[in-house]
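Written out below as C-alpha cells is the structure these notes cover.
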Protein chains: 2
Amino acid sequence: MAGTDTTGLEQMICFELHAASRAMTSLYRPALEALGLTYPQYLALRVIWHRGRLTVRDLGAALRLDSGTLSPLLKRLEHQGLIHRQRGTDDERTVWISPTPAGAALEHRVADLPHRLACALDLTIEEFTQLHHLLTRIRGAAATASTI
Amino acid sequence: MAGTDTTGLEQMICFELHAASRAMTSLYRPALEALGLTYPQYLALRVIWHRGRLTVRDLGAALRLDSGTLSPLLKRLEHQGLIHRQRGTDDERTVWISPTPAGAALEHRVADLPHRLACALDLTIEEFTQLHHLLTRIRGAAATASTI
DNA sequence: GCCACTTCAGTTGTGCACAACTCAATCGCG
DNA sequence: CGCGATTGAGTTGTGCACAACTGAAGTGGC
C-alpha cells in the first residue's frame, strides 16, 4: 500500500465511516426513542443483558469506553429504573451493574431490531462478513498504531 | 436476507461501525491536535479547501450536518483565523465561507495524512474499495429507510 | 506496618450531533 | 402588491466522547 496514491480513497473512507456511523444511529433512533433509549444506551444494555452482571470496568472494556463516558450514561439508565448499580463489598472501588426486572424486560422489546436492521441494509451474508472484517481491521490498526 | 438469522452479525456490525468510527478519529487526533484542529473541523476544512468558497448550506449538504452543528464549529474555525464568514449581498440569509490565507496554508500541513492513514490501516486497494462500497450502501439504506 | 504506586469510578470542561426552536429574508400565489 | 409559506443561519438544551483530573481503595516492596 505504501507508495500508492490513496488520497482519494482515504478522503472518502474517513468521511464515509463517520457518516455511515451517524446514519446507522439515525436508523435506530426512532425505534429506540419509543423505548426512551439512546443508541449508546442500547449498546450498553446489550452487553449488560448478555453478561447479566458486570463491573463498570468490564463494560468499558467491552464497549471501548472510559468511566468518563459510562458514569453519566449508567446514571441515566439507573434513573430510568433499567439497571442496578452497587459498590463491590470485597473491593469497594468497583461498581457492579445488573439489569432490573424492567431493564431485563426491555430486551424482548428490541428483539426484532437486528432483523429489521438487516432487512433495511439489504446486505448479503457475505457483505456483512466483509464489512465486519474490514471494520475490525480498522479498529485493530488504530489500537496498534495509536497515531498516524 | 429476510428470514435469515442475522442477529449475531447485526450486533457486531452496529457496534463495530460505531467503534471503528471512534477508532479512526483517535488515529487522527494526535496529528490534528498539533494543528489545533478536531476531526470534524478537519473534515469541514477539506470541503472548504476543495470548494474554495461555499455557503453554510452547501457545506452542510456535503458533510450531512445541519446548521445546529456547523454554526458553532465554523465560529471556532473563524475565531482561529482559518476561515472567513460573510453574509451574502444578494441573499442576506446565506453566509459564505472561504479559507483565509492561514486556513489555506494549513492544507499543505495535512497533505501527508491520507498516505499515513492508508499505511496505518494497511488495507489493499480492493479492501478500500469494498469498504467504501459497503459504507455507501449503509448510508444509502439509512437515507431510504429513514427508520427500521 | 508503612508508604509509594496503581486501580477504579466519578467529575469537570470542551467539542460534536441532533432535535426543536427563533427570526429575518426571500419566494410565490392570488 | 400583499401576505402566508418556505428557506437559511443561528440558538438552546440534551446526550455522547474524551482528556485531565480527583479521591478513595487496594497492592507490593521494604
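What you see is a predicted model, and the numbers here were worked out from it, not measured in a lab. Every chain is numbered from 1 and lettered A, B, ... according to where its sequence line falls, protein lines coming before strand lines.
- Between A/Arg22 and A/Ser71, the residue anchored closer to the 5' end of DNA chain C is A/Ser71, taking for each the nucleotide with the nearest heavy atom.
- In this structure, B/Leu121 and A/Arg137 approach most closely via the heavy-atom pair O-NH2, 4.3 Å.
- Listed in residue order, the members of residues 88-98 of chain A having a heavy atom less than 4.0 Å from DNA chain C are A/Arg93, A/Thr94, A/Val95.
- Judged as a side-chain contact (heavy atoms from CB on, under 4.5 Å), and not counting sequence neighbours, the contacts of A/Ala120 are B/Ala145, B/Ile148.
- Counting all heavy atoms, side chain and backbone alike, A/Val47 lies closest to A/Ala62 at CG1-CB, 4.0 Å.
- Inter-residue side-chain proximity for A/Val95 and A/Leu74 is flagged as unmet; no heavy-atom pair is nearer than 4.5 Å.
- If you take CZ of B/Arg57 and P of D/dG10, they are 15 Å apart, rounded to a whole angstrom.
- For B/Arg85 and D/dG10, the shortest distance from a side-chain N or O to OP1 or OP2 is below 4.0 Å.
- Distance from the side chain of B/Thr55 is smallest to D/dA9 among D/dA17, D/dA9, C/dA9.
- B/Gln41 has its CD atom 14 Å from the C1' atom of C/dA17, to the nearest Å.
- Distance A/Leu70 CG to C/dC8 P: 14 Å, rounded to the nearest Å.
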Distances for protein N or O near nucleotides 19-22 of chain C N or O, under 3.5 Å:
residue, atom, partner, partner atom, Å
C/dA19, OP1, A/Arg29, NH1, 3.4

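- Listed by first and then second residue, the salt bridge (Lys or Arg N to Asp or Glu O under 4.0 Å) pairs that reach into residues 111-121 of chain A are A/Asp112-A/Arg116, sequence neighbours excluded.
- For the side-chain contact (heavy atoms from CB on, under 4.5 Å) test, residues two or more places apart in sequence or in another chain that qualify with A/Glu33 are A/Arg29.
- In this entry the distance linking CG of B/Leu73 with P of D/dT11 reads 14 Å, nearest Å.
- Taking atom CG of A/Leu43 as the reference point, atom C1' of D/dG15 lies 14 Å away to the nearest angstrom.
- D/dG8 atom P lies 16 Å from atom CG of B/Leu74, rounded to whole Å.
- In this structure, B/His18 and A/Tyr39 have side chains that are in contact, with non-hydrogen atoms separated by less than 4.5 Å.
- The shortest side-chain heavy-atom distance between B/Leu27 and B/Leu117 falls under the 4.5 Å cut-off.
- Rounded to whole Å, the distance from CG on A/Leu65 to C1' on C/dG10 is 15 Å.
- Residue A/Lys75 has a polar side-chain atom (N or O) positioned under 4.0 Å from OP1 or OP2 of C/dT11.
- The side-chain contact (heavy atoms from CB on, under 4.5 Å) search around A/Gln130 returns B/Gln130, B/Leu134, not counting sequence neighbours.
- Phosphate contact (OP1/OP2 of C/dC18, side-chain N/O of B/Arg64, threshold under 4.0 Å): absent.
- Summarising the geometry, the separation between CG on B/Leu77 and P on C/dG15 is reported as 11 Å, rounded to the nearest angstrom.
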